[in-house]
Amino acid sequence: METRSVNDGLDYSGDAAAGSFFSSDYKRHDDLKQMLDSNRDNLKLEAMKRIIGMVAKGRDASELFPAVVKNVVSKNAEVKKLVYVYLVRYAEEQQDCALLSISTFQRALKDPNQLIRASALRVLSSIRVPMIVPIVMLAIRDASADMSPYVRKTAAHAIPKLYSLDPDQKEELVMVLDKLLSDRTTLVVGSAVMAFDEVCPERIDLIHKNYKKLCALLMDVDEWGQVMILNMLTRYARTQFVNPDLGDLTIDGEERPFYDDEEHENGDDGEEKDEKGSSEDDNEDGQKKKKLAGKKKGKEEEPSKHKAEMDPDHRLLLKNARPLLQSRNSAVVMAVVQLYYHVAPRPEVNIVVKALIRLLRSHTEVQAVVLSSIAAMSTSRQSLFEPYMKSFFVRSSDPTQIKLLKLEILTNIANETNIPLREFQTYISSQDKLFVAATITSIGRCASNIKQVAESCLNGLVSLLSHRDPAVVGGAVVVAKTLLQTQRSGSKPVIVQLAKMVDRVTVPPARAAILWLLGEYCERLPHLPPDVLRKMAKTFSDEEDIVKLQIINLAAKLQVTNPGQTTLLCQYILNLAKYDQSYDIRDRARFIRHLLFPENPETSKLSKYARKILLSSKPAPILQSKFKDRDFQVGSLSHFLNTRATGYQDLPPYPEVAPDPSVRYVEPPPSTVNAHEPIDFGFDSTHGKKSKKKQSKKLSFYSESEESQKSEGTGSESSSSSGGSTNNSSGDSESGTEDSESDSAESNKTDKSEQTGNSDDENTNEVLPSGKLKKNAPTVSSGKSKSQQATDRKVVRYKKKPNKSDTEEEETNSSSSSSDATKGSSSSDSERSYKKKSKNKNNKATKHKDASNVDLLLDMSRDSKATVDELTPPGLMGSLSGEIMNLTLSPSPQFGGSGTSTFGQIQTASAMFIPTKKTELINKISSGGVQVSYRYTRSPHLFSPLMTSIEIIIENTGKVPLKNVRIGQTMLPNGMSINEFQPLDMLDAEMGATAILGINFNDTTQGAKMDMHWETETGARKQTVTFNPKIGELIRPVTMSESLFMAEQAKLRGMNEHEGKAFVNKTLVSTTTTTPRHSLLVHRVYETVNVLQVPSVEDHLVRFAGQSLSSQTLVLVTIHLPEKDGTALVEDEDIPVAARIVVNCDKIVIGSMLAQELKEALK
Amino acid sequence: MIHSLFIINVSGDVFMEKHWKSVISRSVCDYFFEEQKKISSPVDMPPVVATPHHYLITIFRNNLYFVATTTTEVAPLFVLEFLHRVVDIFEDYFGECNETIIKEHYVIIYELLDEMLDNGFPLATESNILKELIKPPNILRTIANTVTGKTNVSCTLPSGQLSNIPWRRSGVKYANNEAYFDVIEEVDAIIDKNGSTVFAEIQGYIDCCIKLSGMPDLTMTFVNPRSLDDLSLHPCIRFKRWENEKVLSFIPPDGNFRLISYHISSQSIVAIPIYLKHYISFREGKLDITVGPKQTMGRQVEEVSLEIPMPKSVANCNLTASQGRYTFDPVSKVFHWDVGKIDITKLPNIKGSISLGAGAGPVEANPTVTVHFVINQMAVSGLKVSRLDMYGEKYRPFKGVKYITKAGKYQFRL
């Protein structure tokens, strides 16, 4: 056993005392068995450790299997873990015994501890015994629906394991996979995509519905998952989106950017350009001009055109992948790079270069892979790396493989302006012979590619010919030969010099090269070649094969051109060759002999053409990078090896026409039976579409009207129940409770009419205009076509997308989360109608013109209502708010049902409480009679929704009238803005006035400082005032469903979560028959923070949702009350109850301050 | 994905193997050895070797080869990065990662490997999570475990695994709350014969040692964040904040980690802290080198040392150094001069004669000098931390920032 010595060492260290005791294998195993059978855990552990030691060393420990497998039930965690490790290793060999352990795992799969469930599944699925396939399948299916994301992740991992064990299970596994792919936990998604890649990469259709989610979650998935997702999405993008560069004139060589640069550079010195023009073939030059012209024309139109054409989803992917360039993981960076390289529009690829260069400081192995990718990219896109040329300069300390790759890149990106000849010169003096040889080849390549430097390169090579190192000289000769060959002119002095070196050069390829050159140019140098041939004839038998062949070659050519001097020599050489050891040479000699010295000159047809055969003009060799035309996906194993690896999938070419992009917009129906329905919708006949739509619409309305009917019993709740989700009606209910009776009556009427089946668009349009004049328009529309409205709004937002990327992201989030909410619910009908509407949107765009107008009006009416709120006396509002709150927010069972699930969107709502407390700004004593105070109105400011509205109350308590009261200079911190109120021209004595000021506090509680000016008869005065906002006023309430709330909250865990504990008086939370649950507590929260309660069915907690004004980040407040039954609460009113306040907000400052404020408020 | 892992030492012993899927015979390593024979130095081992049925993906670290095998197409960087992460974790657990350590802790190593990969796909690679699952060894715990019968393996899932911040373990408690930041910058440069800079760039890191209780939320601001335009971030950093405000805001992992690494490329101007005045001629057999500080912003240059790989024909050196010690290894032909601090009033100098071996041909080219140095309390790029704030916890931590400039790959072509 070759590893014997090492093994022994390991034993001693693992178990120093026992190791020496048991020298023979047999005895040792016997002892181990005893230890495993004992009752003591530490003995078992010791035995397991030693067995694992054997496994680690690769020694056979299989005979212990029965003894080990018994311990799978061990209570000791470490023993168990080691048994698992052992089991996975040997189960395949000992299938029968392995089955003994299965029941233990099956039990563990039901364990309450998620880690135990997960590891049981891990081991069970790793046991490669075909007999247990059904058990594993069952376990995977169960685990994929597990509560714990960790277990679901393990289930995802188990899928490829089972697939490799039994490919027949594929169909069922794909179904499970489909479920896991739509999981929204970052932990699961990465593994699910990995499983997808291994099991069914061809089922691209599974990705459609998850595409946006994957893009959105990309940032938060763990790094390994990111790599998998990016690679998969690259392929996806290639199948789903059209080429973003389509229509580009120079698709072939990717040369456009290259020449772009060139033009910029040459623009400065036209001289060089002329030179270039003259030195190049006319043909090529002309082509280039055409390209330049084409490019100029294209530049104006095409880029913009492409941008417009690019699928927003395509853009989304690129946008979301981009931050990952900053990852610390080189694999992630490379995944982004290949995504951009293969899928992004050409001009955008530039952004990845910097990150690639950064990777060059990583470990050698990483460098090697990165450099080979760069080498391949640089063959087609020189311009990308040109600015970073210096980063590829070679250090003497680099490993040879790195040196060679860097040199390759330098050669690829060299052009006439930047060729690093001086660097190359330095490299030639390196002590690394391999590298020197490569450098010489590189110089040759530069010379043949860049006409301008060809001359100096050749001269450099010639100077190398006098180098002391024969290898260098040899390399130089070979390269010089190739160069001379590419240059048709073939400079004579160089050839002469080379010919003279033939004695000195010892490297066989170099000698061969010189001989070939002489033969090729023998007509131009009449004297030299015969002489060389004479020398060669002398040494023929001592030469290498490659040289011998060239000697024969030279002899033959001379025989043709200069028979007088060389016939004898030629025959002599051919005779020598006839008896050579190598059959190649004998063959060649025989062929030449028959060609040149035919036995029957008359009959030999070939010899007439000897000249043509031997001295035909040969195509010049093309010197190009060996990295050129690597068609594999950059960064893949196949790309690195340049051979197709097992399992490599070709990157598909872009489709000519993009497949239907709507597949990604739509939500899939919950059941697999309907899996193809979303696609069908797109191609349905108009008739079918309409009827289906009608039906679904009817259903959705039906359910809704049912709801409103139910709620009618409780008075005005109908308006509020629908208002819980639409922004309009809550304001409505505030404005007039007496109206609600008629409201609900009317809405009921319309509902009924729709129940009869004519709920068509026309109908809606008819009703709406009439309704819009009335005050109750919002209720009508919301009661009737809520979902439609929601989709309307959605479409409007979609249109906005290209300009505002942030909203786009938000949109995707909210839409995906809404979809989730819907999926969970039972009412798939309403969901379907929702979905369909969003699809038919475009067709109906024209029809909906009126409707969208109405929409606008509705918004306006809401705004006007908001101003109405402002105008109503604050006292009244305050007293009313309590009642209204009770009416609107008592959680009703409907909320949990279809009502909310129909649209889980976040929408702003108006405030539930308007503070009445005024804060003094300017005291009348200090200012001489002018009293200024302010309060927050909690209504959206008309100028900008980002602003907090502040009502300023100016009272003139003095005896003289004030003139021109206004805001003067403002001193705002960065990011804040203000909308001043209209200056008050005149304020009579003993009079008061109010004005509305809007300040965008930019989500900070920094004070807004400003001067207030006013004039009296005696002169102008000013005073500096500061508005210090409370954090609660920087938030506006939003409506959302409970499920959405939970989903959003789940995203804002950890650092975004702030907790506080407050002891709340029991009265705040007590439940009596007259006041709904927690109403006082809710009220207290409203007083402090401008949020809106989220309807919930849970007793012991209250949820509130809001949104910060300027950044619109969600603010989620949860107040947990101790869970107690009703009886316990009545007992003692005085003992405070401990309430836990949890605030989730992306902005940490807001979250922590809010938690603090609430804590104070609830005390 | 990753099928198996073999750990091989330089003498060619496969002393550990681990399989995540069905067992691959270790004879597959023969292809590796075959490839190894072709190369002159271990660093030249190609990272990927194709064999008829497997692909071997190799890293070489701490004189050990870690060879992962895979049977199908996989992104090579994925595996390479993972292998490096494995070594990082080992180093984190045991202080260092060499053959002895691995053999000593083979059980923990095996448990770790089992936890890190599931079916060849990474499962948990955050050191904070792993440390909760499998406790790192220390003597106290070993004794305690023997007495109480507890184990190093946890039976509950680390909370980090499920949270949004998998890098931090929960329930961290320290008596002294400290946060140390080392801003380290390495200057890479090539300076040619005439003293002009061929190329220079800076590779910077911020390494942290954070020992803070609870869930601290840290915010680090820089005086001049503009110079940081190309950087890689630890996943704990909130990217959006950095993008918008150029502020590093993060909940740190517990213990040591690299917060960011940044790269200031050769396109911007980089200060060259040290220069060399040299005369070397093998024909005359003379060598004369003087080292001096250049752009050091008044800081002292310390730990200066020079390394010159001499041509093979050099037999011996006979030099006198005005300061420090020099050595010449006649086998590897490496000349090493340990200079120490640079005294500006009297610049360190070394001169004397070099003798070439008998019969050796004349030397064609001059060697390259690699210089090492350290400058404390200075970041050569001018990066400066302006403040560090902590939110989310009540205590006041002790905070410290240290700046170091070092030579990276700093070479003079003579």
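Here is the naming used below: chain letters follow the sequence lines, and residue numbers restart at 1 for every chain.
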Picking from [options], which has the most non-hydrogen pairs under 4.5 angstrom with chain A?
| options | result |
| --- | --- |
| Gln411(B), Glu126(B), His53(B) | Gln411(B) |
| Met215(B), His84(B), Lys18(B) | His84(B) |
| Lys409(B), Arg258(B), His263(B) | Lys409(B) |
| His105(B), Glu186(B), His19(B) | Glu186(B) |
| Ile59(B), Thr72(B), Ile39(B) | Ile59(B) |
| Leu80(B), Val48(B), Thr368(B), Leu83(B) | Val48(B) |

Beyond-backbone contact of [X] with [Y], side-chain heavy atoms, under 4.5 angstrom:
| X | Y | result |
| --- | --- | --- |
| Asn231(A) | Phe78(B) | no |
| Arg328(A) | Phe257(B) | no |
| Thr71(B) | Thr646(A) | no |

With a 4.5 angstrom heavy-atom cut-off, which part of [X] approaches chain A: side chain, backbone, both or neither?
| X | value |
| --- | --- |
| Arg85(B) | side chain |
| Ile57(B) | side chain |
| Val198(B) | both |
| Met1(B) | both |
| Glu201(B) | side chain |

How many angstroms lie between atom [atom1] of [X] and atom [atom2] of [Y], to the nearest 0.5 angstrom?
| X | Y | atom1 | atom2 | value |
| --- | --- | --- | --- | --- |
| Lys21(B) | Arg128(A) | NZ | CZ | 9.5 Å |
| Asp44(B) | Leu434(A) | CG | CG | 9.0 Å |
| Phe121(B) | Met228(A) | CZ | CE | 5.5 Å |
| Arg122(A) | Glu115(B) | CZ | CD | 5.0 Å |
| Asn119(B) | His157(A) | CG | NE2 | 8.5 Å |
| Leu77(B) | Glu365(A) | CG | CD | 10.5 Å |

For chain B, which of [options] has the most heavy-atom pairs under 4.5 Å?
| options | value |
| --- | --- |
| Ala368(A), Ser330(A), Ser327(A), Gly647(A) | Ser330(A) |
| Thr186(A), Val333(A), Val227(A) | Val227(A) |
| Ser638(A), Ser1152(A), Gly225(A) | Ser638(A) |
| Tyr84(A), Phe640(A), Phe393(A) | Phe640(A) |

**Request:** Take Leu123(B) and Tyr150(A) through the test side-chain contact (heavy atoms from CB on, under 4.5 Å) and record every step on the way to the result.
**Result:** CA-CA 10 Å; Leu123(B) 190 62; Tyr150(A) 185 70; 3.9 Å; yes
Pairing of [X] and [Y] as salt bridge, 4.0 angstrom limit:
| X | Y | result |
| --- | --- | --- |
| Asp118(B) | Lys153(A) | no |
| Glu243(B) | Arg322(A) | no |
| Lys81(A) | Asp114(B) | yes |
| Glu78(A) | Lys135(B) | no |
| Asp188(B) | Arg395(A) | yes |
| Asp230(B) | Lys354(A) | no |

**Prompt:** Are the side chain of Arg89(A) and the backbone of Val23(B) linked by a donor-acceptor contact shorter than 3.5 Å?
**Reply:**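 Between the backbone of Val23(B) and the side chain of Arg89(A) there is no qualifying donor-acceptor contact (under 3.5 Å).
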**Prompt:** Quick check: does any side chain N or O of Glu111(B) sit under 3.5 Å from a backbone N or O of Leu82(A), one acting as donor and the other as acceptor?
**Reply:**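 Not a single qualifying donor-acceptor pair exists.
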**Request:** Indicate whether any N or O donor in one side chain lies under 3.5 Å from an N or O acceptor in the other, for Ser22(B) and Glu92(A).
**Result:**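 No - no donor-acceptor pair under 3.5 Å links their side chains.
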**Request:** Specify whether Phe82(B) and Trp224(A) have parallel, tilted or perpendicular ring planes, treating 30° as the upper limit for parallel and 60° as the lower limit for perpendicular.
**Result:**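 It falls in the perpendicular class, over 60°.
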**Asked** Could you walk me through whether Lys240(B) and Met219(A) pass the side-chain contact (heavy atoms from CB on, under 4.5 Å) check?
**Response** CA-CA 11 Å; Lys240(B) 281 242 164 78; Met219(A) 254 316 251; over 6 Å; no
